[in-house]
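Keep in mind that what you see is a predicted model, and the values were worked out from it rather than measured. Order of the sequence lines sets the chain letters (A, B, ...), proteins ahead of strands, with each chain counted from 1.
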Amino acid sequence: MIEVDPAIAAGLDRMAPSHAAASPDWDDVLRRARYDRHPVRRRVIAAVVFVVAIGIATAILTRVSGVTSRSGAGGACALNVRYRGVAYSGRTIAVAPEPGSRLGTAVIPPCDGAGRQTIQVARLPGVSPGVALIWIGTTDTLLIRTGMTRLPDAVTRLFNAPACRPEDAPVHLAGAWLGILRPNGRTELTMTPPYDLEIFAARATPRRYRRAFLTVRVPASLGRPLTEHDIHTVLDKGGSIAITATCRDGGYVAEQVRPHPPA
Amino acid sequence: MTVRPRSDLPAIEAAYAAGYHGYLRLAAAVSGHNDRSADIVQEAFARAVRARGSFHGDGPLEGWIARIVVNVARDEARRPPAPAIEPAASPAAGETPALAPIVAALPERQRLVLFLRYYADLSYTAIATAVGVEVSTVGPTLTAALRTLRERMSEVER
């Protein structure tokens, strides 16, 4: 700790006293981190990080500096893809489109120690491959031609999740359970509503909500529909959740919540 | 080839174990909520665990974590204080004047650098990472903060 005037040190110590009695709890940190796994949305990031890690490990092991490119001083590799000589950038989407016909192989150039990676891409129905591509196997990222400023409606409608329409209620949603957070974005620990559930609605009635990433508020009036046990047996295991929701101000409010462990 | 600082789970856990009490004080100072500092630190490290893939070793890991602690603490500072269980400590007669209002009047960057150095005991390099400034500016910023505190405390004492 730095040496400062005793008077200043006394004042600083009074502002934020030493918590000598407090003890660290690493298990609690890990538990909080798990509650917002968001596995689907992070799949692409995880894949890129994995490739970067493999590349770095390979470079270290072989002690060879590979030919790499960095996207900037920050060192983060943006998701850049080349297909038939055209550059595309990854963009997060809130509604996963159904892939059209398979187009072939695209390339993620080397970046930050990671080697070249190939991926399979498909057509986005109704949109020219010169504008956007679907990365087969991912649901939360669309590849959009770099530099495009005007995008067709078939693309822009994927950027925002559909608002909940009162005339559609009750809305039935079922799909991967992605996370659980308090309304202020903090980690949910008590399992006592209100909190927000995140779901990828693989199935939905009406169909307009299908394949959307949605946030559903669980109100206090529902009691405790989920427990710590559900976190361990469903969320942690990649299980699904079924929600019946009504609409309030365009948002989703749960009326019933049923977790389902993976088969 | 430069070997980058590790950002894997054991490295974050080691930073947590080594700096826990310093981060608690940092969280309390930035948020103004002593009673919530433990929760802030837990939340910040949970976020660090989740986001560890985005740390690329552009500075010390401790600085990157401190930045997350500061961000969570700032969010917490916007929330209303919990009902006081015990009255806040106040200086007894003959003690030095309360420093809090003088510190609060410091420019944001000076205040943050002071907290990171005094409470979290971070190196200048880690502070630079946490605040997002050049390492060479940390020392002068800290010196300026301490000089201002000395001057204003002496004014209050007069």
Side-chain angles (χ1 to χ4, degrees), chain A residues 1-38 42 45-46 48-50 52-53 56 59-60 62-66 70 72-77 112-113 179 182 184-187 189, chain B residues 1 3-4 8-9 12-13 16-17 20-22 24-30 32 34 37-39 41-50 52-58 72 75-76 79 88-91 95-100 102-103 114-115 117-119 121 142 146 149-150 153-154 157:
Chain A
M1 193 173 289
I2 55 170
E3 290 290 325
V4 297
D5 299 3
I8 294 176
L12 290 170
D13 290 343
R14 203 156 46 226
M15 281 175 57
S18 176
H19 295 66
S23 53
D25 183 354
W26 182 245
D27 287 342
D28 176 62
V29 170
L30 295 179
R31 192 157 50 98
R32 290 172 184 240
R34 280 205 310 266
Y35 278 35
D36 181 30
R37 296 179 319 119
H38 235 312
R42 290 184 177 150
I45 296 170
V48 171
V49 168
F50 176 75
V52 168
I56 291 172
I60 291 171
T62 57
R63 293 178 177 275
V64 171
S65 293
R70 290 170 70 102
C77 288
D112 214 1
R182 300 203 71 78
N184 60 8
R186 301 289 297 275
T187 306
L189 289 175
Chain B
M1 165 158 192
V3 178
R4 293 155 184 276
D8 54 9
L9 215 49
I12 297 174
E13 183 179 6
Y16 176 78
Y20 179 72
H21 289 94
L24 280 183
R25 300 184 75 190
L26 173 66
V30 174
N34 268 315
S37 58
D39 186 51
V41 171
Q42 297 299 101
E43 187 70 26
F45 272 86
R47 291 187 190 181
V49 168
R50 288 178 208 146
R52 62 188 185 278
S54 65
F55 176 70
H56 291 275
D58 299 313
V72 176
D75 288 346
E76 197 67 29
R79 296 177 55 200
S90 57
E95 278 191 14
T96 51
L99 191 69
I102 303 173
V103 171
L114 175 68
F115 289 168
R117 184 70 177 137
Y118 187 80
Y119 294 126
D121 203 19
L142 185 62
L146 292 171
L149 292 183
R150 272 186 223 109
M153 285 186 78
S154 62
E157 283 170 343

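Ring geometry, A/W26 versus B/Y16: the interplanar angle falls from 30° to 60°, so the pair is classed tilted.
In this structure, chain B has heavy atoms under 4.5 Å from both the backbone and the side chain of A/P17. Neither the backbone nor the side chain of B/A38 comes within less than 4.5 Å of any heavy atom of chain A. Only the side chain of B/R47 comes within contact range of chain A, with heavy atoms under 4.5 Å apart. There is no contact between B/D75 and chain A, counting heavy-atom distances below 4.5 Å.
Contact check on A/R32 versus A/D28 returns a salt bridge, with a Lys/Arg side-chain nitrogen under 4.0 Å from an Asp/Glu carboxylate oxygen.
Taking A/D25 as the reference, nothing meets the side chain to side chain donor-acceptor pair (under 3.5 Å) condition, with sequence neighbours excluded. Residues meeting the side chain to side chain donor-acceptor pair (under 3.5 Å) test with B/Y20, sequence neighbours left out: none.
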